[in-house]
Q: 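Encoded as structure tokens, here's the structure I'll be asking about.
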Amino acid sequence: MLFFEKPNQIGCAIIMTESKSPRLITIENTLQTNAQILDTSHWGEDFSWEQLQTISYYFKPYAASKGTAIYKEGELGSSMGIIAKGAIGIYKNNKLISTLRVGRTFGEMSVIDAQPRSATARAEGETVFLSLDKAGMLTLADKHPALAFKIIWNISRGLSQRLRLTSAQLAEFLESNVI
């Protein structure tokens, strides 16, 4: 295993180790650091500090270098991420459709439906993110059902907002391409 220290955007030292996956590097953060990362996301508005500390236990931190595919379109998935540092490009059929920055979530659909990934998520630079998988979500639901419900509510709200935006874009596209 490779061990070294690297400062994160919050200013805490983190230890990075090689993961089983050649694509990602596992980061050994403290729960406090994970909670601080969650607090900088839109979830910080919806959860108290104590709640963030509780749910941070279920998130695992990772780092990815530029160009690393975090999720690949068509692969089965069961996890989502929250960006702590850097940016992630979302690619559909190898075309960039969105760039997500610090505090944004990605991959949420697979936590809910465990279906193949609908797009590829690729690190656009040195990127750090927290990952929550379905197993962690189910454990959280057993131990802290109210917090798990709140997470699912946040995921649902985010997906609903994206669906509204996509519907508006589709309607605009169809309107502009009427023969």
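One-based numbering along the sequence shown. From a predicted model like this one, the values you see are computed outputs, not experimental measurements.
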Q: Quick one: salt bridge (Lys or Arg N to Asp or Glu O under 4.0 Å) pairs with a partner in residues 88-99, sequence neighbours left out?
A: Glu73-Lys92

Q: Determine all donor-acceptor pairs shorter than 3.5 Å in which one atom belongs to a side chain in residues 104-111; sequence neighbours excluded.
A:
| unit_1 | atom_1 | unit_2 | atom_2 | d |
| --- | --- | --- | --- | --- |
| Thr105 | OG1 | Glu108 | OE2 | 2.2 |
| Glu108 | OE1 | Arg162 | NH1 | 3.0 |
| Glu108 | OE2 | Arg162 | NH1 | 3.4 |
| Glu108 | OE2 | Arg162 | NH2 | 3.2 |
| Ser110 | OG | Ser79 | N | 3.3 |
| Ser110 | OG | Ser79 | O | 2.9 |
| Ser110 | OG | Gly107 | O | 3.1 |
| Ser110 | OG | Arg117 | NH1 | 2.8 |

Q: If you link I, L, V, M, F, W and Y whenever their side-chain heavy atoms are under 4.5 Å apart, who else ends up in the same group as Leu174?
A: Leu170, Phe173

Q: Heavy atoms, side chains only, cut-off 4.5 Å: are Gln169 and Leu165 in contact?
A: yes

Q: Does the side chain of Ile37 come within less than 4.5 Å of Phe59's, by heavy atoms?
A: no

Q: With a cutoff of under 4.5 Å between side-chain heavy atoms, which Ile, Leu, Val, Met, Phe, Trp and Tyr residues group with Leu163?
A: none

Q: Taking only residues two or more places apart in sequence or in another chain, which ones pass side-chain hydrogen bond (donor to acceptor under 3.5 Å, both in side chains) with Lys150?
A: Gln51

Q: So, taking the atom named CG in Leu147 and the one named CZ in Phe47, what distance separates them when rounded to the nearest 0.5 Å?
A: 6.5 Å

Q: Side chain to side chain contact (heavy atoms under 4.5 Å, CB included) with Trp49: which residues, sequence neighbours excluded?
A: Gln32, Ala35, Gln36, Asp39, Leu52, Gln53

Q: Quick one: side chain to side chain contact (heavy atoms under 4.5 Å, CB included) partners of Leu138, sequence neighbours excluded?
A: Lys134

Q: Are side-chain heavy atoms of Leu100 and Ile90 found at a separation under 4.5 Å?
A: yes

Q: Can you name the nearest heavy-atom pair linking Gly74 to Pro116, along with the distance?
A: O-CB, 3.4 Å

Q: Indicate yes or no: at least one non-hydrogen side-chain atom of Leu159 is less than 4.5 angstrom from one of Ile112.
A: yes

Q: Atom CE in Met137, atom CD1 in Ile155: separation rounded to 0.5 Å?
A: 5.5 Å

Q: Side chain to side chain contact (heavy atoms under 4.5 Å, CB included) with Ser156: which residues, sequence neighbours excluded?
A: Ile152

Q: OH/Tyr71 to CG/Leu76 distance, rounded to the nearest 0.5 angstrom?
A: 13.5 Å

Q: Taking side chain to side chain contact (heavy atoms under 4.5 Å, CB included) as the test, write out the residues that go with Ser41, two or more places apart.
A: Trp43, Ile82

Q: Report the residues that fulfil side-chain hydrogen bond (donor to acceptor under 3.5 Å, both in side chains) with Tyr91, sequence neighbours left out, ordered by chain and then residue number.
A: Glu124

Q: Looking at Thr127 and Ala87, what are the two nearest heavy atoms and their distance?
A: OG1-O, 3.1 Å

Q: Quick one: salt bridge (Lys or Arg N to Asp or Glu O under 4.0 Å) pairs with a partner in residues 44-62, sequence neighbours left out?
A: Asp46-Arg157

Q: Determine whether a donor-acceptor pair (N or O, by modelled atom type, separation under 3.5 Å) exists between the side chain of Thr139 and the backbone of Ala135.
A: yes

